[in-house]
Peer 1: 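Pasting in a structure now, in structure tokens, and then I'll have a few things to ask.
Residues: numbered from 1 along the sequence shown.
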Amino acid sequence: QVQLVESGGGLAQAGGSLRLSCAASGSIFSINAMDWYRQAPGKQRELVTAITSGGSTNYADFVKGRFTISRDNAKNTVYLQMNSLKPEDTAVYYCNAEILVVVGHMYSYWGQGTQVTVSS
């Protein structure tokens, strides 16, 4: 059984910062890509940022220069450092990971989501 658990969400003021964490646990051999998505009320889920097992990253245009994704492979954890937060960043943030649970078999898993609310 594999589980992804997000933490660190909450309320922040515009211009403030939050740090999200997503820890994977269970029968894990290795983790490939780890991603952060977000979904605002009434809108589709969108990719925020992604990081490969080797540390290569990409960011959506709306977070470039403000958000930083990182990972600690030893802890099976991905982080999202969010700086210069804007009210439009308000959304539920979801962690996604491609996890090798059996040799030769990679599966995609989702966390339960964590609410981020940014006030004006």
Side-chain angles (χ1 to χ4, degrees):
Q1 184 69 35
V2 174
Q3 185 177 28
L4 271 60
V5 179
E6 296 103 333
S7 62
L11 178 65
Q13 296 182 0
S17 298
L18 286 173
R19 181 177 171 87
L20 306 184
S21 299
C22 173
S25 62
S27 300
I28 299 171
F29 288 151
S30 64
I31 303 177
N32 189 18
M34 302 187 80
D35 316 323
W36 286 99
Y37 289 75
R38 71 185 188 186
Q39 187 168 22
K43 297 183 179 180
Q44 293 187 338
R45 190 171 300 184
E46 60 184 352
L47 178 66
V48 177
T49 180
I51 186 169
T52 69
S53 61
S56 297
T57 62
N58 65 75
Y59 297 90
D61 288 341
F62 52 81
V63 301
K64 286 182 178 178
R66 301 189 298 120
F67 291 8
T68 302
I69 188 171
S70 61
R71 63 190 289 169
D72 186 335
N73 291 332
K75 297 181 179 179
N76 291 331
T77 300
V78 63
Y79 305 94
L80 182 62
Q81 179 67 47
M82 304 185 294
N83 298 325
S84 302
L85 284 164
K86 304 175 180 179
E88 51 263 43
D89 294 322
T90 296
V92 177
Y93 283 71
Y94 296 91
C95 174
N96 175 265
E98 297 175 352
I99 300 176
L100 184 68
V101 296
V102 179
V103 174
H105 296 271
M106 189 77 70
Y107 300 94
S108 180
Y109 293 87
W110 290 92
Q112 80 289 346
T114 185
Q115 177 70 49
V116 171
T117 302
V118 184
S119 62
S120 300

Peer 1: Would a hydrophobic clustering, with Ile, Leu, Val, Met, Phe, Trp and Tyr connected at side-chain separations under 4.5 Å, put Ile51 with Phe62?
Peer 2: yes

Peer 1: For the pair Asn96 (side chain) and Tyr109 (backbone), establish whether a donor and an acceptor sit closer than 3.5 Å, ignoring hydrogens and angles.
Peer 2: yes

Peer 1: For Val118, is there any backbone N or O sitting under 3.5 Å from a side-chain donor or acceptor partner on Thr90?
Peer 2: yes

Peer 1: Below 30° counts as parallel, above 60° as perpendicular, anything between as tilted: where do the rings of Phe67 and Tyr93 land?
Peer 2: tilted

Peer 1: Could you check if a side-chain atom of Trp36 sits within less than 4.5 angstrom of a side-chain atom of Cys95, using non-hydrogen atoms only?
Peer 2: yes

Peer 1: Looking at Thr68, is its backbone amide N or carbonyl O close enough to the side chain of Tyr79 to form a donor-acceptor pair, meaning the two atoms are under 3.5 Å apart?
Peer 2: no

Peer 1: Applying side-chain contact (heavy atoms from CB on, under 4.5 Å), name anything that partners Asn58, two or more places apart in sequence or on another chain.
Peer 2: Leu47, Ala50

Peer 1: Working to the nearest 0.5 angstrom, can you tell me the gap between Tyr59 OH and Thr49 OG1?
Peer 2: 4.5 Å

Peer 1: Salt bridge between Asp89 and Lys86, side-chain N to carboxylate O under 4.0 Å?
Peer 2: no

Peer 1: Hydrophobic clusters here meaning ILVMFWY residues chained together by side-chain heavy-atom distances under 4.5 Å, can you tell me if Ile69 and Tyr37 are in one?
Peer 2: no

Peer 1: Are more than 12 heavy atoms, taken from residues, nucleotides or ligands other than Gln13, located less than 6.0 Å from that residue's CD atom?
Peer 2: no

Peer 1: Which pair of non-hydrogen atoms, one from Ser120 and one from Pro87, has the smallest distance, and what is that distance?
Peer 2: OG-CG, 3.7 Å

Peer 1: Closer than 3.5 angstrom, by distance alone: can the side chain of Arg45 be matched with the main-chain N or O of Val92 as a donor-acceptor pair?
Peer 2: no

Peer 1: For Glu6 and Gly113, indicate whether the former's side chain and the latter's backbone hold a donor-acceptor pair under 3.5 Å.
Peer 2: yes

Peer 1: Taking only distance into account, with no hydrogens and no angle test, what donor-acceptor pairs under 3.5 Å do side-chain atoms of residues 17-34 form with protein atoms, sequence neighbours excluded?
Peer 2:
| from | atom 1 | to | atom 2 | distance (Å) |
| --- | --- | --- | --- | --- |
| Ser17 | OG | Asn83 | OD1 | 2.8 |
| Asn32 | ND2 | Glu98 | OE1 | 3.1 |

Peer 1: Should we count CD of Gln44 as having more than 12 external heavy atoms under 6.0 Å?
Peer 2: no

Peer 1: Side chain of Gln39, backbone of Ala91: donor and acceptor closer than 3.5 Å?
Peer 2: no

Peer 1: Just wondering, do Met82 and Arg66 contact through their side chains at under 4.5 Å, heavy atoms?
Peer 2: no

Peer 1: Hydrophobic clusters here meaning ILVMFWY residues chained together by side-chain heavy-atom distances under 4.5 Å, can you tell me if Tyr94 and Leu80 are in one?
Peer 2: no

Peer 1: Is it the case that one hydrophobic cluster holds both Val101 and Val103, taking links as side-chain heavy atoms less than 4.5 Å apart, direct or via other members?
Peer 2: no

Peer 1: State the OG1-CG distance between Thr77 and Leu4, to the nearest 0.5 angstrom.
Peer 2: 9.0 Å

Peer 1: Sequence neighbours left out, what passes side-chain contact (heavy atoms from CB on, under 4.5 Å) with Lys43? Give chain and number order.
Peer 2: Ala40

